[in-house]
Every structure is written in C-alpha cells, then in structure tokens.
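Scroll down for the structure; my scribbles are underneath it.
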Protein chains: 2
Amino acid sequence: MSWRKEQRRAERGYHHGNLKEALLQAALGLIAEKGAAGFTFADAARMAGVSAAAPYRHFRDRDELLSSIAQRGFEQFEARLSAAWDDGRPDTVTAFERVGKAYLAFAREEPAFYNAMFESGLPVDANPALMAAGERAFGVIRAAAERLAALTPPGIPRPPAMMMALHIWSMSHGIASLFSRGDAARRKLPMSPDELLEAEVLIYLRGLGFPIDRRPAGKRAEPPPVPPEAASGSGVPPGGPWGKPK
Amino acid sequence: MSWRKEQRRAERGYHHGNLKEALLQAALGLIAEKGAAGFTFADAARMAGVSAAAPYRHFRDRDELLSSIAQRGFEQFEARLSAAWDDGRPDTVTAFERVGKAYLAFAREEPAFYNAMFESGLPVDANPALMAAGERAFGVIRAAAERLAALTPPGIPRPPAMMMALHIWSMSHGIASLFSRGDAARRKLPMSPDELLEAEVLIYLRGLGFPIDRRPAGKRAEPPPVPPEAASGSGVPPGGPWGKPK
DNA sequence: GGCTCATGTAAAGGTCGTTCACATGAGCTG
DNA sequence: CAGCTCATGTGAACGACCTTTACATGAGCC
C-alpha cells in the first residue's frame, strides 16, 4: 500500500498536476457504481492516489464536488438535447420525439450525471450557476415546445408552450426515474421505456390536436405556423384542458 | 444532557416500552426535515432517548428501518389512492382525476414517506414485502386505468390499460418529484403542480379519444363499457400511438 | 539561487454505523 | 415470593468518513 503510493508519487511527483479533473472523473465512476449517496470524498481521493485532505484544495467540501458534477451534467445534457432537437429538422414532430429519446438515452447512458443532477438531493436553488445550467437545459425543451405550439392546427386553441414543455419534461423525468434506471429498470414492463415515452408523447400531442400518425418520419406534412390570432374561434369549444388564459 | 436522559429513564424505566414505534416516528420526522440521505440512525436513537446501540434490537441495520418506513408509506399511499378512486364514483373520469390529485397530495403532505419510497435509493427489488406493497399501490392506478380503458368511445382502438396506468404513474411521479417537493417546488411555474397534472392528464385522455370537457364534474355522460371486440374496426386507422398488439 | 504560493501530507477531532460483552428487569415457574 | 430466562437496553470499542490545522514540498518567477 505504501510502496504503491511511493511508486505513483515517483511517476507524477509530489504534485498531482491535474487533481481537480482526476477527482471529478473518479467521482463520476463512483457515483455510477454506488449512487450519489454512496459516493465518498475519501474514496475519490484514494482513487486519485492522494491523501484524504488533498481534495479540499480544489473543492470547499463534498457537496461542491457533487455540484460541479451536476453542473457538467446539465451542460452535457443541454448539448445532447440540442443535438437531438437539431433545430426542428427534418420536421418538428420528428425532432420533438428525438428529444424525448435523447432524454432517456442520457439518463441511461450517464447515470452518474443524471443521479447528481436529479437524485442527489442537492439544494439546487442555493447554487445560482447550477440553477442557470439547469434552466439552459430546460430551455431546449422549451424552445422545442414553442415551435410545436406554433404548429397547432387551425381551429384548435393553441396551448401555452411553457405548459407543454413542463409536461414533456415531467413525462420524461417520470419514466426515466421510475423505469429507466437502476433497480427500477428491472420491473417487468409491457414495453421498453423508450416505447413507453414515445407512446405517451404521441398520445399527448394528439390530445392537443396534432394530427399524429405513425407513418415513417420524413413524409409528414408540416403546415406553416399559424399566427396566434387565428388559433381561437371558429365554433370550437373555447379553452383547452389548461383553462382560458387569465 | 445526562440529567435529561436520567429523567427520561426515571419516567419510563430502563426499558423504553415502545422503542420500535418511537424510532419509526423519529425517523419520519428526521427524513421530512433532512431527507433520507441526511437521516441518521444515531439521531433517531437520541430522539427516542436511548443509546446508539438500542435500535439494533429492533432493526437489523439502518436500511431496514428505512425499508419499514417505505413499506408503511406504500400502505398509506395505497389507502389514499383507493379512497380517492372510490371505485370510480361518481364517474370514471372524475374519480380518475381525483386519484391524480391524491398522488400529488400524498407527495406534498407526506414528504418523508414519499422520500423513503421513491428517492432513498433503497434496493426495492431486494425486499419482496416492499415490492409487493409497491405493487399493491400501483394496482389502484392500474385498476382505475382498466375501468377507464373500458370506456373508450366506440370506433376508437382501445389502449392497453397497463400502458395507461404506467403513463399516468410517470406523469404523476414526474410532476411530484420535479415541481411538488422540496426546493424544486420553489421554481416559478405558470400554474400549480395540481393544475399542471390535471391539464396533462386531460390532454392525455383526450389524445386517447375520450371526449373530455371541462364541465363541472357530476354532469358528465358515462356511456356503458364497450366490449373489446367492438373497439377496433369501423374505418378508423388501426393501432394507436402504442402500436398494434403483437 | 532564493522567494513565494499553490498544492500536497499527516495528525487530530467529531460523527456515524455496527458489534460485542455485559446489565437490567418483566414475566413466567414453582 | 424466590429464582430463572430472555428480550431489551448500555457502554465501550472499531473502522470509515468529513473536515480542519499545522507543516512540507516544489514549480514558477525574480
């Protein structure tokens, strides 16, 4: 044990050189294995080959390391959602579904990030930078919802984009955290989490009046966006399930 | 500190008399305050006025206490959902919405239970009794979905009840865990979590073909259940967003 | 070469979870 | 009531963890 530390030190010298990054990586691995609750500051230090006190030169405490990971997670999350959205190409509905899949894929492929972001019990609102990163990620969903809302077929009340975004987020998060990760994933389901989410979103969109079909994407009609004034009127019962705007 | 313990002991004698229950109550309070992660076996013992080793006479370890709480939580959860469902009275849709509200109410009013049940990272599938309790609670949603599915208007493919139940569960859980608890509840929303869920469920049901309206409950038409064979056919495109049964 | 400061170490204090040997006393048995 | 037994509680101890403090090292700069 001691000779090993000596050896490492011989390799890298007294100073680690990149301890902060090494700690983040170590923590990521540990969280993926044992969850944010089981992750230990001391373990991360051990894994990086330094003493238990060294990490305090780079993070105020264990929570700050966790926050850093959550922050990075939100940034990567935003990147992946953005890529999936691809500015609504080739058509809004297809791209929208791709965002949903990307959400689940991220939860599945980056359990450590997802855990730190949503399940670690971090006081998100106590950390402005963290909250901002979260908002930016949510912004992708929000922007997509905005575009989708603008496509509401004529004669149907247009739903508030913000509400749609929150709905989509809650569906994705609900499925991810109930069925798509850890032990919960072992529950016997009649369909995969991806299929479950896709069906849920499609039914939801249909409920909003979108003429959803199951034809392969790419051959979908995409009518031009309707200006808001045209959305109401024409003999359709006023107000959707979201009530009338106050 | 010592005299206080002496005093308590004088009151209750060497033996506590009801330590198991006292520990459960203490843990509930602590979890509500600081979350399942922050809850401490030692703290619970202190709160009950016994030594740190005493709890081990009643629980194998800290996890078993947590599991006991989760189990009780699932039982109370089931009771509340059942009461809300009220066997579908006065009409299926109204009762269904009431179940959704009850879900959120439970998450809000019993944060300790909800935390232990869904956010404590307990290995649910390692504990058969716990898993069974969870299944029973989910069974209420499932039964409600079953009844709802049977009401699918004629000429519209009937959705699998299991899928509906999973969808409803994921919506409820998603909203509860994102917006209805702890710090997350402080996020600025355009509407309350309850309204958000209600709108989501209504849009979803409409997407399934239910003729949802916003008239005050009680004056809703409730057609008799349609036998499954009649659900398909009649010129409607086959298969909903959930695909065709294999 | 010598200074300085970021970065690392060792040691120590406090809290937890958990175990073990031992103490207590509630309830049964005779 | 005396005595026995066993469930229940105590105290001490171990190892792990988080965190702080005083001290050590060495990389970069004059």
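In what follows, chains carry the letters A, B, and so on, assigned in the order in which the sequence lines appear, proteins first and then strands, with residues in each chain numbered from 1.
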Go through [options] for me and flag the one nearest to the [X] side chain.
{"X": "A:A53", "options": "D:dG11, C:dA11, C:dG8", "value": "C:dA11"}
{"X": "A:A54", "options": "D:dT10, C:dT18, C:dT9", "value": "C:dT9"}
{"X": "B:V50", "options": "C:dG17, C:dT9, D:dT10", "value": "D:dT10"}

Checking B:P160 now: which residues fulfil side-chain contact (heavy atoms from CB on, under 4.5 Å) with it, not counting sequence neighbours?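 Counting only residues at least two positions away or on another chain, B:P160 forms a side-chain contact (heavy atoms from CB on, under 4.5 Å) with B:M163, B:W242.
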
[X] [atom1] to [N] [atom2], straight-line distance once rounded to whole Å:
{"X": "B:D43", "N": "C:dC16", "atom1": "CG", "atom2": "C1'", "answer": "10 Å"}
{"X": "A:F39", "N": "D:dA16", "atom1": "CZ", "atom2": "C1'", "answer": "15 Å"}
{"X": "B:F41", "N": "C:dT19", "atom1": "CZ", "atom2": "P", "answer": "10 Å"}
{"X": "A:H16", "N": "C:dG8", "atom1": "NE2", "atom2": "C1'", "answer": "11 Å"}
{"X": "A:L23", "N": "C:dG8", "atom1": "CG", "atom2": "C1'", "answer": "12 Å"}

Applying a 4.0 Å non-hydrogen cut-off, can you work out what B:Y56 is touching in the nucleic acid: base, sugar-phosphate, or nothing? base

Partners passing salt bridge (charged side-chain N to carboxylate O under 4.0 Å, His left out) against [X] (at least two apart in sequence or in another chain):
{"X": "A:R80", "result": "A:E109"}
{"X": "A:D63", "result": "none"}
{"X": "B:E119", "result": "B:R181"}
{"X": "A:D61", "result": "none"}

With a cut-off of less than 4.0 Å, is there a side-chain N or O of B:T40 near OP1 or OP2 of C:dG17? yes

Residues from residues 57-71 of chain A lying under 4.0 Å of DNA chain C - heavy atoms: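 Output list: A:R57, A:H58.
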
Verify, without hydrogens or angle tests, whether A:R98 (side chain) and A:A84 (backbone) share a donor-acceptor contact under 3.5 angstrom. yes

